[in-house]
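Report on the following structure.
Each chain gets a letter, A, B and so on, in the order its sequence line appears, and its residues count up from 1. Owing to the predicted nature of the structure, the values given are computational and were not obtained by experimental measurement.
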Amino acid sequence: MTAESEGTRLRQERIRKLETMKEQGINPFPYSFARTHKAEDLQTKYKDLPNDTETEDEVRVCGRVLNERNTWMFVDLYDDSGKIQLFCHKQNIAEEPLKQLRLLDKGDFLGATGTIRRTKQGELSVKVTSYQILGKSLLPLPDSWDGFTDVEARYRHRYVDMIMNPAVRETFKKRSIAIRTIRDFLDSRGCLEIETPVLQVEAGGADARPFITHHNTLDLDLYLRIATELHLKRLIVGGFERVYEIGRIFRNEGISTRHNPEFTMLEMYWAYGDYNELMDLAEEMIVETAAKVAGSAKVTYQGVEIDFQRPFKRIRMVDAIKAVTGVDCEALKTFDEIKKAAQELGVDLKGCDSRGHVINAIFEDKAESTLIQPTFIIDYPVEISPLTKPHRTNEGEVERFELFAYGRELANGYSELTDPLDQRRRLEDQAAKKAAGNEEAMPLDLDFINAMEYGMPPTMGIGIGIDRLVMLITDSASIRDVIAFPTMKPIIK
RNA sequence: GCGCCCGUAGCUCAGCUGGUAGAGCACUCGGCUUUUAACCGAUUGGUCGUGCGUUCGAGUCGCACCGGGCGCACCA
């Protein structure tokens, strides 16, 4: 745990310094500072300045003090671009402010004015003539030598993690670049980003347990959305031909290295296209994102090279199963036959109440983890895909794909079901399962069906878990490493 | 929800078959130094996650609880 209690000695010591500053007429929390350069600007501009030379160029820099040597003669000042050393020598600083350097602590924000010089040791420095505290720090930072490694403390006090571990800030920069790349990619192809409701009367569009909340004046229980699909498809009905939303999704499920209760999903719907065209588009978007963030379509994830080189493999689900297990699902026409085969393979069939569910269970148990290089698994059983258009040639299948890499699902897309009567039957079937106690079955969203009955063009649609994509391209082992403030249980004292 | 592991100073960690709590760094004071100090000296600093129990005596043993990590389950 980091220091939080009011009584710690180290904190009291800093408050004493803060009081002393005030007594000496220094405001420890001033209003602004006119900076001329960031650290990186200076490092670039003076990269050819030889050792032990100085210039007359006056600069003003500011940032957080993370280290100090020789009793504040050398100060490492960090801003969001990097480090610049301050050289605080009695030759250049008046007596009073020189003494007041002792009132500073590591962690304080400082602004400094001075000229540029490079030391004999080759460290570019600002030879400080005057300085100003810009924000007093009361709590001691973790030791810079040992670092800040306690996993729980890092997540609970993410701001300290970000100060101490530059790689953490780097990951969130990359996350931002990834999301901007995706937005640019879609915007440049005529897609419109439209926000849909988070609070919903029924949470549909995915198989997941929702969070529930309550609206006081309506005296109405509402669910937090588990998907954006049903509303984005209403927008297609409404005449938008290409729409997407990058938004927060909430699912009331377990927490793990791959699951956070709130996470970010991209969903995109595009009229007049089918799942074949969609796979091409998804490939292009993911390759572009990986390249922008990781610098290459080849990324190393947890020591394994993942090559996002187009085209990705495309394998029918039944073929993927056959390749790994030898079982030919297509030859097993009935629920009983496929169930027997699955049981012989040792597959857990909990919750499997149809032939399609069993095929999916075999796939997930036996084949999924073998899909290390980017692979589209295509042509899913209809029973597990209630919003997907039937396959144009294969009986019992739908035109759906999921993209896997490193044995994990990255994306889920399909030719959207546009037949309102078929849709109604499928959602009624889901609602019956929900009524029978299946908490993950979809509710019957009558307004969604109503929208479809006004007519819907052929449409392709995809969902991509942004957090998991960012995990892969930033080599992050846990989803918590790519979420700035992951969900934590509070500590009750 | 289940299993295994973890929780000691601000940080990183020792602490044996139970015997009154340790180190390094940080902090404070002093020294030294006009170009690197992660230096030298001294001093500080802990309800050992919480509670109950066993015991003459618990950081250590037992039980329960809290929090976390990893795996499984659920799921994306």
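Look at the P atom in both B/A42 and B/G24: the space between them is 11 Å, to the nearest Å. To the nearest whole angstrom, the two P atoms, one in B/G19 and one in B/U12, are 27 Å apart. Between the P atoms of B/G67 and B/C61, the separation comes to 23 Å (whole Å). Atom C1' of B/C6 sits at a distance of 15 Å from the matching atom of B/G59, rounded to the whole Å. Comparing the C1' positions of B/G15 and B/A23 gives a spacing of 11 Å, expressed to the nearest Å. For B/G30 and B/A37, the C1' atoms lie 16 Å apart once the distance is rounded to whole Å. The C1' atoms of B/A73 and B/C2 are separated by 8 Å, rounded to the nearest whole Å. Taking atom C1' on both nucleotides, B/C56 is separated from B/U20 by 13 Å, rounded to a whole Å.
A/N70 contributes a side-chain N or O that forms a donor-acceptor pair with the base of B/U33 under 3.5 Å. Side chain A/R117 to base B/U35: a donor-acceptor pair is found below 3.5 Å. For A/D150 against B/G7, a side-chain-to-base donor-acceptor contact under 3.5 Å is absent.
Under the 30°/60° scheme for interplanar angles, the aromatic rings of A/H157 and A/Y159 are found to stand perpendicular. In this structure, A/Y275 and A/F401 have parallel ring planes: the angle between them is below the 30° cut-off, well short of the 60° mark.
Rounded to an integer number of Å, the gap from CG of A/D481 to C1' of B/G69 is 12 Å. Note: CD1 (A/I479) to C1' (B/C70) measures 16 Å, nearest angstrom. Rounded to an integer number of Å, the gap from A/L98 CG to B/U33 P is 15 Å. We find that CG of A/L104 is positioned 15 Å from C1' of B/C27, with the value rounded to whole Å. Note: CG (A/L141) to P (B/U12) measures 12 Å, nearest angstrom. Atom P of nucleotide B/C74 and atom CD1 of A/I226 are separated by 17 Å, given to the nearest angstrom. We find that CZ of A/R158 is positioned 15 Å from C1' of B/G68, with the value rounded to whole Å. Residue A/Q85 contributes atom CD, which lies 13 Å from atom P of B/U35 at whole-angstrom precision.
Closest contact between the side chain of A/T119 and the listed nucleotides B/C13, B/U35, B/G67 involves B/U35. Across B/U28, B/C27, B/G69, the shortest atom-to-atom separation from the side chain of A/K17 is found for B/U28. Considering only the side chain of A/K120, B/U35 comes nearest among B/C25, B/U28, B/U35. Closest contact between the side chain of A/R69 and the listed nucleotides B/A37, B/U28, B/C70 involves B/A37. Out of B/A26, B/G24, B/C70, the shortest distance to the side chain of A/D146 is found at B/G24. When the nucleotides B/G69, B/C13, B/A26 are ranked by their closest atom to the side chain of A/R9, B/A26 comes out on top. Here the nucleotide nearest the side chain of A/Q91, chosen from B/U34, B/G10, B/C70, is B/U34. Of the candidates B/U28, B/U35, B/A73, the closest approach to any side-chain atom of A/R16 belongs to B/U28. Of the candidates B/G69, B/A26, B/C74, B/G69 carries the atom nearest the A/V151 side chain, counting heavy atoms from C-beta on.
In this structure, a donor-acceptor pair under 3.5 Å is absent between the side chains of A/T459 and A/E416. A/R408 and A/Y301 are linked by a side-chain donor-acceptor pair at a separation below 3.5 angstrom, with hydrogens and angles left out of the test. Inspection of the A/N67 and A/Y78 side chains reveals no N or O donor paired with an N or O acceptor under 3.5 Å. Side chain to side chain, A/T388 and A/R400 fail the donor-acceptor criterion of an N or O pair below 3.5 Å.
Note that CZ of A/R248 is 8.0 Å distant from CG of A/D467, once rounded to the nearest 0.5 Å.
Contact annotation for A/N260: base contact, defined as any heavy-atom pair under 4.0 Å involving a base atom. A/D207 comes within 4.0 angstrom of the backbone, heavy atoms only, and of no base. Residue contacts shown for A/K127 are absent, as no nucleic acid heavy atom lies under 4.0 Å away. Looking at heavy-atom distances under 4.0 Å, A/M164 makes no contact with the nucleic acid at all. Among the atoms of the strands shown, only primed sugar atoms or phosphate atoms (P, OP1, OP2) are found under 4.0 Å from some heavy atom of A/G147. Among the protein residues, A/E409 comes within range of the sugar-phosphate backbone only, with heavy atoms under 4.0 Å from sugar or phosphate atoms but none that close to a base. Among the protein residues, A/E68 comes within range of the sugar-phosphate backbone only, with heavy atoms under 4.0 Å from sugar or phosphate atoms but none that close to a base. If you check every strand for non-hydrogen atoms under 4.0 Å, A/G254 touches a base. Across all strands, A/E13 comes closer than 4.0 Å only to sugar-phosphate atoms, never to a base (heavy-atom distances).
Regarding contacts with the backbone of B/G71, every side-chain N or O of A/S256 stays at 4.0 angstrom or more from both OP1 and OP2. Within the 4.0 Å cut-off from OP1 or OP2 of B/G68, at least one side-chain nitrogen or oxygen of A/R156 is found. Listed pair A/K90 / B/U34 fails the phosphate criterion, with no side-chain N or O lying under 4.0 Å from OP1 or OP2. For the pair A/R258 and B/C72, the criterion of a side-chain N or O lying under 4.0 Å from OP1 or OP2 is met.
Between A/F211 and A/Y223, the gap from one ring centroid to the other reaches at least 6.0 Å.
Stretches of at least 3 consecutive Watson-Crick or G-U wobble pairs, with each checked distance under 3.5 Å, appear in RNA chain B as B:1-7 with B:66-72, B:10-13 with B:22-25, B:28-31 with B:39-42, B:49-53 with B:61-65.
You'll find the side chain of A/E58 reaches within 4.5 Å of the side chain of A/T113, heavy atoms only. Within the 4.5 Å cutoff, side-chain heavy atoms of A/C88 are placed close to those of A/L101. In this structure the side chain of A/S478 never reaches within 4.5 angstrom of the side chain of A/M471, judged on heavy atoms.
Heavy-atom distances to RNA chain B give each of A/R102 and A/D348 a nearest nucleotide, and the one nearer the 5′ end belongs to A/R102. Of the two residues near RNA chain B, A/F263 and A/K350, the one whose nearest nucleotide lies more 5' is A/K350.
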